[in-house]
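This is a predicted model, so every value here is computed, not measured. Computation of the quantities below employed the complete heavy-atom set of this structure, encompassing side-chain atoms and omitting hydrogens, waters and symmetry-equivalent molecules.
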Amino acid sequence: MNKDVKSEAADSLFDAILCLKSREECYRFFEDLCTVNELHSMSQRFEVAVMLKNRSTYLEVAEKTGASTATISRVNRSLNYGNGGYEVVFERMKKENRPIL
């Protein structure tokens, strides 16, 4: 884990997120917490990750999501060399039969 990210404030934020129980609660919390652009960026990165996981090309990802090649490359690097966070989410969503885009 990146030492620059871990902090008491981050721990508290993640604890707050873990308390949320529904998609509606997530919308309410994240709309209060984030700007529209921040939420759009996070959603876009997740969509990019899903498409890359499904073996879409950079061109296909860029056309569908509007993400820059820099964003696509960063997400791809996280998928391949990151901390496994995307994989945890993908596996849990699959196990819980939640739709992934």
Checklist entry - Would you say the side-chain atoms of Glu38 pair up with the backbone N or O of Thr35, donor to acceptor, closer than 3.5 Å? => result yes
Item to check | Exam field: side chain Glu25 to backbone Lys21, donor-acceptor pair closer than 3.5 Å | outcome: yes
Item to check | Cluster check Phe14, Phe29: I/L/V/M/F/W/Y, side chain < 4.5 angstrom | outcome: yes
Item to check | Spacing of CZ belonging to Arg23 relative to SG belonging to Cys26, to within rounding of 0.5 Å | outcome: 8.5 Å
Next on the checklist: Does any part of the side chain of Thr65, heavy atoms only, come nearer than 4.5 Å to the side chain of Arg45, both counted from C-beta?
Outcome noted: no
Checklist entry - Between CD of Glu87 and NZ of Lys94, what distance do you get to the nearest 0.5 Å? => result 10.0 Å
Checklist entry - By salt bridge (Lys or Arg N to Asp or Glu O under 4.0 Å), which residues pair with Arg98, not counting sequence neighbours? => result Glu96
Item to check | Any side-chain donor near an acceptor of the partner, Arg74 and Ser78, under 3.5 Å | outcome: yes
Checklist outcome for this item: Besides Ile72, the hydrophobic cluster formed by Ile, Leu, Val, Met, Phe, Trp and Tyr side chains linked at under 4.5 Å, directly or via other members, contains Phe46, Val48, Val50, Met51, Leu52, Tyr58, Val61, Val75, Leu79, Tyr86, Val89, Phe90, Met93, Ile100, Leu101
Next on the checklist: Assigning hydrophobic clusters by single linkage (Ile, Leu, Val, Met, Phe, Trp, Tyr; side-chain heavy-atom cutoff under 4.5 Å), is Leu33 placed with Leu39?
Outcome noted: yes
Next on the checklist: If I take atom OG from residue Ser22 and atom CZ from residue Arg28, how far apart are they, to the nearest 0.5 angstrom?
Outcome noted: 7.5 Å
